[in-house]
Amino acid sequence: MRQFAIIGLGRFGFKVAEVLAKKGASVIAIDRRQDLVEKISDFVTKAIQIDSANEEALIASGIKDADVAIISIGENIESSILTTALVKNIGINEIISRACTSLHAQILKMVGATRVIFPEEDMGVRVANSVLSPGTLEYLELGADYTLAEIEAKKEWIGSTINVWDVKNKFGVNVVIIKRKIVETMEKAEEAKEKEIKVLPTTNYKIEEGDVFIILGDKKDIEIFERKWK
């Protein structure tokens with residue numbers, strides 16, 4: 001598995017580091033605040049308190065072995081730009097940097113960021129889409145007008161099979177995965193817990209209430225598909 005360096009442990013950076021570590025990835029977490037470093041240290045491979053704008057300290061941290069650097073420094077634009085440039089000079093090929101403005105993003109790309117993200121803006125898009133399409137649980141734009149969306153099974157679908165709705169030919173979207181919650185009985189008969197399973201759909205898959213469809217397609221096609229079933 002690839003190694004990751006997370007620089008900046010605000011809410012966004014902390015969560016990225018935590019999730020990557022929980023999934024088994026090797027993670028070096030860096031921040032200038034000792035309290036945040038101590039807080040993340042139980043989750044990650046290594047947690048280091050340094051000023052990432054200090055080139056010598058950054059090199060000494062060992063991040064040169066990382067495959068990916070995620071620079072999630074928030075409002076300190078000067079530090080995020082300098083850190084991105086330093087990480088590029090160290091030789092990390094994949095650099096994901098957080099930006100606050102479009103100009104900030106342009107500069108980050110100029111100094112070495114291979115990808116720039118706007119966490120607040122991205123969340124705003126997702127919330128807006130969920131408000132416009134209440135049946136859409138999750139909405140992720142992949143670029144080139146392609147979108148991945150999670151949509152609850154509509155009441156009209158319950159009890160029928162996927163081939164009845166023929167969404168590929170009628171709407172131009174693909175059902176990639178279906179998520180279904182089942183109740184799993186524990187060793188003790190009186191105990192049970194809810195578990196989510198993922199199913200690769202077949203034409204004879206029978207749709208049940210609560211099923212969630214993960215669909216892929218052109219953004220406009222998904223919007224048409226969702227409006228059809230409002």
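- The same ILVMFWY cluster, assembled from side-chain heavy atoms under 4.5 Å apart, contains both Ile158 and Ile178.
- With hydrophobic clusters built from ILVMFWY side chains whose heavy atoms lie under 4.5 angstrom apart, Ile81 does not share a cluster with Ile63.
- Under the 3.5 Å distance criterion, the side-chain polar atoms of Thr45 are left unmatched by any main-chain donor or acceptor of Ile28.
- Under a hydrophobic clustering in which Ile, Leu, Val, Met, Phe, Trp and Tyr are joined whenever their side-chain heavy atoms come within less than 4.5 Å, directly or via other members, Leu36 and Val27 fall into the same cluster.
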Can Lys88 and Val111 be said to form a side-chain contact (heavy atoms from CB on, under 4.5 Å), step by step?
-> CA-CA 8 Å; Lys88 177 66 175 179; Val111 298; over 6 Å; no
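- Taking hydrophobic clusters as Ile, Leu, Val, Met, Phe, Trp and Tyr residues chained together by side-chain heavy-atom distances below 4.5 Å, Ile71 shares a cluster with Ile48.
- Comment: Asp31 does not engage Arg33 in a salt bridge, judged by the lack of any side-chain N to carboxylate O separation of less than 4.0 angstrom.
- Separating the CG atom in Leu108 from the OG1 atom in Thr83 is a distance of 10.0 Å, to the nearest 0.5 Å.
- In this structure, Glu78 places its CD atom where only 12 or fewer heavy-atom neighbours from other residues, nucleotides or ligands lie under 6.0 Å away.
- Atom OG of Ser61 sits about 6.5 Å away from atom CD1 of Ile90, to the nearest 0.5 Å.
- Taken to the nearest 0.5 Å, the OG atom of Ser72 stands 10.5 Å off from the CD1 atom of Ile96.
- For the atom pair CZ of Arg32 and CG of Asn54, the computed distance is 10.5 Å after rounding to the nearest 0.5 Å.
- Placement of Ile6 and Leu82 in two distinct hydrophobic clusters is found when ILVMFWY residues are connected by side-chain heavy-atom separations under 4.5 Å, directly or transitively.
- Distance CZ/Arg98 to CD1/Ile77: 11.0 Å, rounded to 0.5 Å.
- From Ile107, atom CD1 reaches atom OG of Ser97 across 12.0 Å, with rounding to the nearest 0.5 Å.
- Other residues, nucleotides and ligands contribute over 12 non-hydrogen atoms within 6.0 Å of the CG atom of Asn89.
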